[in-house]
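Everything below concerns the one structure shown next.
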Number of protein chains: 2
Amino acid sequence: MDKDQQAEQARRYHHGNLVEALVAATIDIIEERGVEHVSVREAAKRAGVSPGAPFRHFRSKTALMTAVAEQAMNRLTEAVAQASADAEGGDPLAVFEAIGHGYLRWAMANPTHFQIISSRTLIDFNSSEVLRHQNEAIRQQMINLLADARQSGRIADDLDFDQVLLGARALVYGLARMAIDGHFPEWNVAGPEAMHHTLHLFMAQIAQR
Amino acid sequence: MDKDQQAEQARRYHHGNLVEALVAATIDIIEERGVEHVSVREAAKRAGVSPGAPFRHFRSKTALMTAVAEQAMNRLTEAVAQASADAEGGDPLAVFEAIGHGYLRWAMANPTHFQIISSRTLIDFNSSEVLRHQNEAIRQQMINLLADARQSGRIADDLDFDQVLLGARALVYGLARMAIDGHFPEWNVAGPEAMHHTLHLFMAQIAQR
DNA sequence: CTCCGGTGTAATCGGCGATTACATTTTTGG
DNA sequence: CCAAAAATGTAATCGCCGATTACACCGGAG
């Protein structure tokens with residue numbers, strides 16, 4: 001029976017999968033009360049474990065947050081890969097744009113994960129191989145796509161490569177952060193479509209005419 | 001003598017200008033140790049006052065942070081007005097762009113203030129008349145300038161007004177946040193000039209050709 | 001079956017936001 | 001001019017937090 005299993009679970013001295021449970025609990029806390037209300041104690045309580053237990057698995061609160069960030073980065077990588085795969089066969093610039101749309105869709109669907117990844121103060125970004133490598137992989141993919149687009153003459157000749165890259169990145173990041181930071185109400189942005197239209201406008205301006 | 005005055009100051013029961021001192025102390029803390037390490041106690045200590053004293057002037061920590069945000073918003077308004085005044089006489093689109101550059105310059109020169117203003121979780125943005133009104137004033141100025149530009153035929157006809165507005169805003173905001181969030185090292189952004197070049201590129205793309 | 005490494009508990013520390021009762025100073029009105 | 005009131009700061013306290021330590025418990029390798 002479920003009840004017996006639950007009682008059994010509660011009686012067990014060892015949790016069994018505390019690491020995952022703590023990460024999940026942390027996500028829940030952020031979604032319910034915001035990232036600033038995360039506490040290791042609260043996460044421990046939700047995992048049904050004593051306040052000190054988490055420190056067997058995470059050296060510090062920052063280490064726990066970093067684990068959450070790594071889960072987030074894994075999912076972002078997956079989302080970007082999916083968007084990229086869906087656009088396969090299109091020209092490089094179309095795939096490039098598709099990644100941007102995928103990034104935005106993912107950020108809107110997972111605001112908590114996005115928030116943790118984008119901040120470099122809550123977590124020690126550089127101390128994590130996962131975070132650095134996956135982040136760099138996505139960045140390189142964008143660079144390669146844009147380089148391909150330029151080589152095949154799909155980008156207007158008078159545009160500087162680095163500026164186009166930085167512009168596209170800043171636009172997508174700015175849109176996502178405006179949404180997460182709660183700026184959309186004051187800017188009368190109706191829905192997610194507005195973001196995608198704006199990104200498409202930018203890409204159309206970049207393309208060779 | 002200064003020493004006597006200082007001793008006199010230290011001996012005084014009433015601080016004299018605790019509100020300002022607390023706001024200044026809070027800014028110092030953020031600059032030294034980051035926004036997440038702000039504590040009312042620390043601010044009180046730096047102002048040379050007991051831990052409970054600040055609560056005579058600020059109902060909560062959030063209220064203190066809101067006061068800091070209002071100071072920041074005042075300065076941003078001033079910076080935008082200055083940038084706008086400097087570009088007076090140029091066509092509306094040039095003034096529009098100048099505001100963007102002014103916004104970026106201000107954010108880079110006052111990262112602490114920018115960070116507080118842009119977050120809507122650390123402060124209760126809507127509870128402050130100052131924050132809402134000044135923010136809306138800047139927004140309206142941008143809308144008006146862009147409307148003027150469109151009316152005088154300086155914007156390409158096939159572009160949607162709202163998308164251009166949102167795009168410009170998101171680009172500037174994204175650039176500022178990438179800088180503050182520490183994304184520039186990984187994107188190999190050399191200096192502040194890169195941001196300004198990228199913004200200028202966007203504006204050039206928008207302009208009627 | 002018995003160690004022993006891994007895991008969770010209990011107790012503790014200093015710091016925090018916040019509230020309260022109290023002390024002191026400044027202001028003000030008769 | 002001076003006492004009462006308003007304003008401002010202090011001290012003590014509460015519950016929660018991150019983090020550390022000593023101890024208890026479990027479960028698998030020998």
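When reading the values below, keep in mind they use all heavy atoms of this one structure, side chains included, and skip hydrogens, waters and symmetry mates. Here is the naming used below: chain letters follow the sequence lines, and residue numbers restart at 1 for every chain. Just so you know, these numbers come straight off a predicted model, no measurement behind them.
Spacing between atom NE2 of A:His57 and atom P of D:dA19 amounts to 16 Å, rounded to whole angstrom units. To the nearest angstrom, P of C:dC16 lies 12 Å from CZ of B:Phe55. In this structure, the CZ atom of B:Arg59 is 13 Å from the C1' atom of C:dA18, given to the nearest Å. Spacing between atom CZ of B:Phe58 and atom P of D:dG9 amounts to 11 Å, rounded to whole angstrom units. Rounding to whole angstrom units, CG of residue A:Leu64 and P of D:dC17 are separated by 14 Å. Rounded to an integer number of Å, the gap from CZ of A:Arg41 to C1' of C:dG8 is 15 Å. Rounding to whole angstrom units, CD of residue B:Glu42 and C1' of C:dG14 are separated by 14 Å. Across the protein-nucleic acid pair, B:Arg33 atom CZ and C:dC16 atom P stand 8 Å apart, rounded to whole Å.
Looking at heavy-atom distances under 4.0 Å, B:Ser50 makes contact with a base.
In plain terms, the two heavy atoms of A:Ala149 and A:Pro92 that are nearest each other are N-CB, 3.7 Å.
Distances shorter than 4.0 Å separate none of the side-chain N or O atoms of A:His37 from OP1 or OP2 on D:dC16.
Taking the six-membered ring for Trp and thresholds of 30 and 60 degrees, B:Trp106 and B:Phe114 have ring planes more than 60 degrees apart, a perpendicular arrangement. The aromatic rings of A:Phe202 and B:Phe202 lie parallel to each other, their planes meeting at an angle below 30°, with 60° marking the opposite boundary.
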**Evaluation steps, side chain to side chain contact (heavy atoms under 4.5 Å, CB included), between B:Asp181 and A:Arg177** = CA-CA 11 Å; B:Asp181 290 345; A:Arg177 278 225 74 98; 3.6 Å; yes
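The side-chain hydrogen bond (donor to acceptor under 3.5 Å, both in side chains) with B:Glu136 is formed by just one residue from the set B:His133, B:Arg139, B:Arg132; it is B:Arg139.
With the nearest nucleotide of DNA chain C identified for both B:Val40 and A:Gly48, A:Gly48 has the one nearer the 5' end. Mapped onto DNA chain D by nearest heavy atom, A:Lys45 and A:Arg56 fall at different nucleotides, with A:Lys45 at the one closer to the 5' end.
A heavy atom lying under 4.0 Å from DNA chain D marks none of the residues of residues 17-31 of chain A.
In summary, A:Arg169 and B:Glu186 do not engage in a salt bridge, as defined by a charged side-chain N under 4.0 Å from a carboxylate O. Between B:Glu70 and B:Arg75 there is no salt bridge, since none of the side-chain N atoms of the basic residue sits less than 4.0 Å from a carboxylate O of the acidic one.
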